[in-house]
Structures are given as C-alpha cells and as structure tokens.
Amino acid sequence: KAQNIIGLRVLSDNVIWLWKKDKTVVVIDPSIHEPVIKYIDENNLHLKAIFQTHHHSDHIGGTKHLIERWPDVKVIASSKEKKRIPFQNISVADGETFKILGEEVKIIEVLGHTNSHISFFLKGKNPVLFIGDTLFSGGCGRIFEGTFQQMYNSLERIKSLPRNTLIYCAHEYTKANLLWALNLNPKDKDIKNKLLQVEKKLSLNELTIPFLLDEELKINLFLRA
Ligand code: ZN
Ligand code: FE
C-alpha cells in the first residue's frame, strides 16, 4: 500500500499526502494547491476527494483552488468545523465509516491540537492512519485549543490501533523531536538509533515519514507517557 501513497514536501516542513488508486487520487491536507495540481496533471490523474484533518491554513490553504479545478471533488471534514472549513461537502463525525478507492475508512477523532481534529484510518491487512498534526515521529502536536487530558486520550486511541499501522503525519519534524528526546534521555539506545536512521534519510533528501506505530511506541516519549 505504501507505494500508493506519495508525499509532497511543501512550505518549510509540511507534507501533503496523495493516496492513489488506478487513475484517481485522494489528497490529505493540501496546504497549497500548485504542486498538487502539477502532480495530478503530470500523472494524468483525477482528484476524487480531499481529507481535512483540521482547519489550520497549512492544511486547508490549497483546497479552494482544487475545488475550482475539480468541482465534483468530495471535501471530507469534521461536522464540528462547518465554519472554519466552510467548503466541506461531506461532514463526518467520530466513529463513522465510508468507502473510497475501494477501502473502508474510519474517522477517529483526536482532540487536543484543535477542538475538532480528526484522523482517517484505513483498516485492512496493512492499516494506514492519516493523523494530521496530532502525532509526529518523536513528538506530538502542540495543544492549541484542547486540553492536555484530551491530547493524552487521543494518543491512547492511537496506541490502541494495530501495531503494524503505518502513520502519515503532516509535518517533517522528526529530527528536531528526536534531538529533544535524546537530550532528556541521553542513554536511550532506541532513540539514538532512530536519530541515526533519520539523519541518514534526511542526508539522502528522503522523508522520515510515514512511521510504524510499533516502532514509534519505543521512541516517542509522549506515547511512552
Ligand atoms: Zn495544525
Ligand atoms: Fe500543521
């Protein structure tokens, strides 16, 4: 499944994910539109849907232009965010499921970063979670609107998913997170090893995400809390 999901690195550290099947594509959190349109045109694809995890501009900034280009696109967002994500045309709530690109997708609400942040979970043999700004490799999202308890509960929800879940977050923050974690735990071998892997990937100009839940449980201090 991983080869069907492409990451576009944009702005300073955002990653826009494109999930492809045959000639159709779903875009997750398009912060800007130009690279998305370019990729879709170059590969002769059609944009079927946009998943919005939350309302921040570095996640919805490109959506308006994408709707202009593909007027039949489904924009799927939290029903709690009709004001701040006004162009949504499919409104979803925690626990709801729907089918797209032949896969069942489940909405898992993960509060804390905002008051209505949702994630998109693709069940199946190789599960995938589009987690937005709730969890990053080595870290978690900043608590802007929710409470620390809500964020803790959200992380517990993520921890209850299958260990082989591949997690796609929306920012490339891994190295800075690991340096912070290693500073607090200078002798931690798992964090040290992960930092070496991450530095290697970055030196090759590769993304350090997605990441496996099973591996993340060992190195993420927030998941270890
Ligand atoms: Zn955000
Ligand atoms: Fe963000």
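First listed ligand is number 1; within each ligand, the first listed atom is number 1. Note that these values count all heavy atoms, side chains included, but never hydrogens, waters or copies made by symmetry. Note that this is a predicted model, so its numbers are computed, not measured.
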- Query: Is it true that the side chains of Gln52 and Thr63 contain a donor and an acceptor less than 3.5 Å apart?
  - Reply: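 Their side chains do contain a donor-acceptor pair, which is all the 3.5 Å distance test asks for.
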- Would you check, one step at a time, whether the test side chain to side chain contact (heavy atoms under 4.5 Å, CB included) holds for Val110 with Ile118? CA-CA 5 Å; Val110 278; Ile118 56 173; 5.8 Å; no
- Query: Does CG belonging to Asp72 count more than 12 external heavy atoms closer than 6.0 Å?
  - Reply: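 Yes - once you tally the heavy atoms of other residues, nucleotides and ligands closer than 6.0 Å, there are more than 12.
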What is the name of the N/O/S atom in [X] that sits closest to the Zn ion (ligand 1)?
| X | answer |
| --- | --- |
| His113 | NE2 |
| His56 | ND1 |
| Asp133 | OD2 |

For the Fe ion (ligand 2), which N, O or S atom of [X] is at the shortest distance?
| X | result |
| --- | --- |
| Asp133 | OD2 |
| Asp58 | OD2 |
| His59 | NE2 |

- Is there a donor-acceptor contact under 3.5 Å from the side chain of Asn14 to the main chain of Asp58?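 Pair found, side chain donor or acceptor close to backbone of Asp58.
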- Query: If only atom types and distance count, is the side chain of Asn177 paired as donor or acceptor with the main-chain N or O of Cys140 below 3.5 Å?
  - Reply: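 No; zero donor-acceptor contacts below 3.5 Å.
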- Within the stated cut-off of 2.8 Å, is an N/O/S atom of His56 closer than that to the Fe ion (ligand 2)?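 Of the N, O and S atoms in His56, none lies under 2.8 Å from the Fe ion (ligand 2), which means no.
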- Query: Are His171 and His59 close enough that their ring centers fall under 6.0 Å?
  - Reply: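 Centroid distance His171-His59: below 6.0 Å, so yes.
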